[in-house]
Number of protein chains: 2
Amino acid sequence: MSSTSAVQTFADDIDARPIAASYSDSVEQPLHCQQAGKVSCGNCRLSKICLPLELQAPDIDRLNAIIQRGRPLQKGEFVYRAGQPFASVYAVRSGTLKAFSIGENGEEQVTGFYLPGEIFGLDGLCKSSYASSAVALETAAICEIPFERLSELSALIPSLQRTFFQVMSKEIADDQQLLMMLSKNTAEQRVAALLLSISTRNARRRLSSTSFRLPMSRTEIGNYLGLTVETVSRVFSRFQKSKVIAAEQRNVELLQPDRLRQVASGG
Amino acid sequence: MSSTSAVQTFADDIDARPIAASYSDSVEQPLHCQQAGKVSCGNCRLSKICLPLELQAPDIDRLNAIIQRGRPLQKGEFVYRAGQPFASVYAVRSGTLKAFSIGENGEEQVTGFYLPGEIFGLDGLCKSSYASSAVALETAAICEIPFERLSELSALIPSLQRTFFQVMSKEIADDQQLLMMLSKNTAEQRVAALLLSISTRNARRRLSSTSFRLPMSRTEIGNYLGLTVETVSRVFSRFQKSKVIAAEQRNVELLQPDRLRQVASGG
DNA sequence: CCACATCGTTGATCTGGATCAATGCATTGA
DNA sequence: TCAATGCATTGATCCAGATCAACGATGTGG
């Protein structure tokens, strides 16, 4: 999973432009990159988010060499499905994905949303098959990092190994954070926390932290937060009535972010 | 955390005797070990649980060499506190520990219980300080594994690196499992799941899977499951009334484990 | 342009678990 | 031995959010 504050790691490019433009549904050219040519870790705007380590140029190249970049995913396309053999972890380059698993009763449970610069697929490692499925919520570009290769490289580059341990540890800490939220917080606190989480993650990518488009439906939000659609909708309405946010469909503006923080932490 | 199915990893010894004896509160001599002398990974009954990998003897010795074993912890003693600099991960040799963090509102949230053969302290890595505190619920013996040393060793022994990645991945998968449970399940399902989890983890250690002593209080169970003490108590009562379990204080007997499984999965 | 499907909102009612309150039952320690 | 203290059980009441139901908005494809 990855919740209030998301995992941040390997990835490569795109997506660092004013909010209005980011509503676009297609993968755009990395106009802002030094060379508007080939995508690589070396020239990726997200690399500071994605790689919280200081690698030397040759090491970056070695990492870059093992990363595979396919064609963009269409909305609804799967990256992997639960049960498939585990082979790679993934970094989001643009777009948004969700991970979810199916409970014994057949119910879907959303376990995380992944924004550009974030890593997913980490849960597959322990059983050598993915525990959840990952699907694109909108057109998305991702970097595939074959795990075996990453493992080998990690053994050679200590700081990479350490970084990867940190990435996994962060996922654990985030899950525990979310856990705490689901078991103790009210509907308003949960929704506030999610909005703030998206806000923070946008800020990291130099996007507006107060005005953005939610990449997921109300139903998906509810599922993720352990609430029904109706409750989510009502909370949105209440937040609007009290002028804490403005929202029209999936577009949201945080009018009083600090008030929202107050709500999130039980004010 | 570590929930329905717990993280299982490095550790070293003790605790593999009939249930009655396991009620004891003190660290016993490893009578059952080949040599009843020094504790080491090589002669530890838990090693198969704790190290899900096939290491060669010399590698086991190298791992064993970096592991530190101090005096047993008394009930209530802390292993580490939230915020302390991260230095080591730990394996449980005997006894039980709980991990918990304190929310913004000051509320305690139990994030996991750790039984012999299980690893904890993984959440500290990403921020280089522990995100939660760990405390002994009863007299307990643990193995301290300095992370820096483990890291170095991992780079030299590929299967160790892989194992450690797996351990972390398992923690992630378990958290997501728990997450699912907390956001979708009823009180009865949660309590049933916890009982079954303890049962399974006991079975792994060759202890009775149907009759055991819970190492934690009702309050702690409730906190962990996102319920109040009263609700936990009522669920226990209902389970007893329907002859699914028998319980007197912390001693529990699963009379109809399959019925319990049915309940846990929403029957 | 309209038909159909999906998504979101709003209202009315119901309920599982929280909360408040009281009592029982062990363990500790002077 | 008898407080005192902490843990567990049980009952009565309350409420946040689920559930059921109806309807409005969006958008997608023919």
Side-chain angles (χ1 to χ4, degrees), chain A residues 23 25 74-76 98 105 107-110 135 137-139 181-195 213-242 245-252 263 266, chain B residues 23 25 74-76 98 105 107-110 135 137-139 181-195 213-242 245-252 263 266:
Chain A
Y23 285 12
D25 232 15
Q74 295 307 308
K75 174 177 175 172
K98 77 168 174 184
N105 42 26
E107 281 298 297
E108 173 176 326
Q109 165 71 35
V110 175
V135 68
L137 292 180
E138 55 194 335
T139 306
M181 192 167 85
L182 288 194
S183 85
K184 297 246 189 305
N185 292 9
T186 64
E188 300 210 344
Q189 289 176 305
R190 296 182 204 190
V191 173
L194 178 68
L195 290 173
R213 180 180 173 78
L214 295 172
M216 72 294 280
S217 72
R218 298 284 191 272
T219 304
E220 285 161 334
I221 292 176
N223 189 312
Y224 176 65
L225 296 177
L227 302 169
T228 57
V229 210
E230 294 94 326
T231 301
V232 172
S233 181
R234 277 185 253 268
V235 171
F236 268 82
S237 298
R238 262 178 272 153
F239 282 171
Q240 287 182 83
K241 205 169 301 170
S242 57
I245 68 168
E248 50 153 27
Q249 289 130 232
R250 296 187 177 186
N251 299 310
V252 177
V263 171
Chain B
Y23 285 11
D25 232 15
Q74 295 307 309
K75 174 177 174 173
K98 77 167 175 183
N105 41 25
E107 281 299 295
E108 173 177 327
Q109 165 72 33
V110 175
V135 69
L137 291 180
E138 56 195 334
T139 306
M181 193 168 84
L182 288 194
S183 84
K184 297 244 189 306
N185 292 8
T186 65
E188 300 210 345
Q189 289 176 305
R190 296 182 205 191
V191 173
L194 178 68
L195 290 173
R213 179 180 173 77
L214 295 172
M216 71 295 280
S217 71
R218 299 283 191 275
T219 305
E220 285 161 335
I221 292 176
N223 189 311
Y224 176 65
L225 295 177
L227 302 169
T228 58
V229 211
E230 294 95 325
T231 300
V232 172
S233 181
R234 276 185 253 267
V235 171
F236 268 83
S237 298
R238 261 177 272 153
F239 282 171
Q240 287 181 82
K241 205 168 300 170
S242 58
I245 68 168
E248 50 153 27
Q249 289 130 236
R250 295 186 178 186
N251 300 309
V252 177
V263 171

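Side-chain atoms are counted along with the backbone in the values below, which use heavy atoms only and exclude waters and symmetry mates. A, B, ... follow the sequence lines: proteins, then strands. Residue 1 opens every chain.
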Please state how far atom CG in A/Leu214 lies from atom C1' in C/dC7, giving the value in whole angstrom units. 14 Å
Could you grab the distance from atom CG of B/Leu227 to atom CG of B/Leu182, nearest 0.5 Å is fine? 8.0 Å
Any donor-acceptor pair under 3.5 Å from B/Arg218 side chain to B/Gln249 backbone: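 Yes.
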Working to the nearest 0.5 angstrom, can you tell me the gap between A/Gln74 CD and A/Thr139 OG1?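 Going from CD on A/Gln74 over to OG1 on A/Thr139, the span is 4.5 Å.
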Can you measure B/Leu225 atom CG to C/dG16 atom P for me and round it to whole angstrom units? 18 Å
For the student: nearest non-hydrogen atoms of A/Ala247 and A/Phe236, plus distance: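 It is CB-CD2, 4.3 Å.
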In whole Å, I'd like the distance from the CZ atom of A/Phe236 to the P atom of C/dG8.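 Taking atom P of C/dG8 as the reference, CZ of A/Phe236 is at 9 Å.
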In whole angstrom, what separates A/Arg218's CZ from C/dC7's C1'?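 Going from A/Arg218 (CZ) to C/dC7 (C1'), I get 9 Å.
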Starting at NZ of A/Lys241, measure out to CZ of A/Arg234 and round the result to the nearest 0.5 Å. 11.0 Å
Candidate nucleotides D/dC7, C/dC7, D/dT10, ranked by approach to the side chain of B/Ser237 - the nearest: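 Side chain of B/Ser237 sits closest to D/dT10.
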Roughly how many Å is it from CZ in A/Arg213 to C1' in C/dG8, rounded to a whole number?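 About 13 Å, once rounded to whole Å.
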Donor-acceptor contact present, side-chain A/Ser242 to main-chain A/Arg238, <3.5 Å: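 Answer holds: yes.
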Smallest separation among heavy atoms of B/Ser217 and B/Arg250, with atom names: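 Here B/Ser217 and B/Arg250 meet closest at CB-NH2, 3.3 Å.
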CZ of A/Arg190 to NZ of A/Lys184: how many Å apart, nearest 0.5 Å? 11.5 Å
Between NZ on residue A/Lys98 and CD on residue A/Glu138, distance to nearest 0.5 Å: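 Reported to 0.5 Å precision, the distance equals 12.5 Å.
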Just the rounded figure in Å: distance from P of D/dC7 to CG of B/Asn223. 13 Å
Could you encode protein contacts along nucleotides 22-30 of chain D as a string, one character per nucleotide from 5' to 3', using B for base contact, S for sugar-phosphate-only contact and - for no contact, with a heavy-atom cut-off of under 4.0 Å? ----S----
To the nearest 10 degrees, how far apart in direction are the end axes of the helix from C/dC1-D/dG30 to C/dA30-D/dT1, each fit to five base pairs?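 It comes to 40° between the two terminal axes.
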Just how far, in rounded Å, is C1' of C/dG16 from NZ of B/Lys184?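 Answer to the nearest Å: 17 Å.
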Find the distance between CG (B/Leu194) and CD1 (B/Ile221) and round it off to the nearest 0.5 Å. 5.5 Å
Protein-to-nucleotide contact annotation, 5' to 3' order, nucleotides 17-24 of chain C [B base; S sugar-phosphate only; - none; under 4.0 Å, heavy atom]: SSBBB---
To the nearest Å, how far apart are A/Phe239 CZ and C/dG8 C1'?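 The distance from CZ of A/Phe239 to C1' of C/dG8 comes to 17 Å, rounded to the nearest Å.
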Identify the two heavy atoms, one from A/Gly226 and one from B/Ser183, that lie closest to each other, and give their separation to 0.1 Å. CA-CB, 3.7 Å
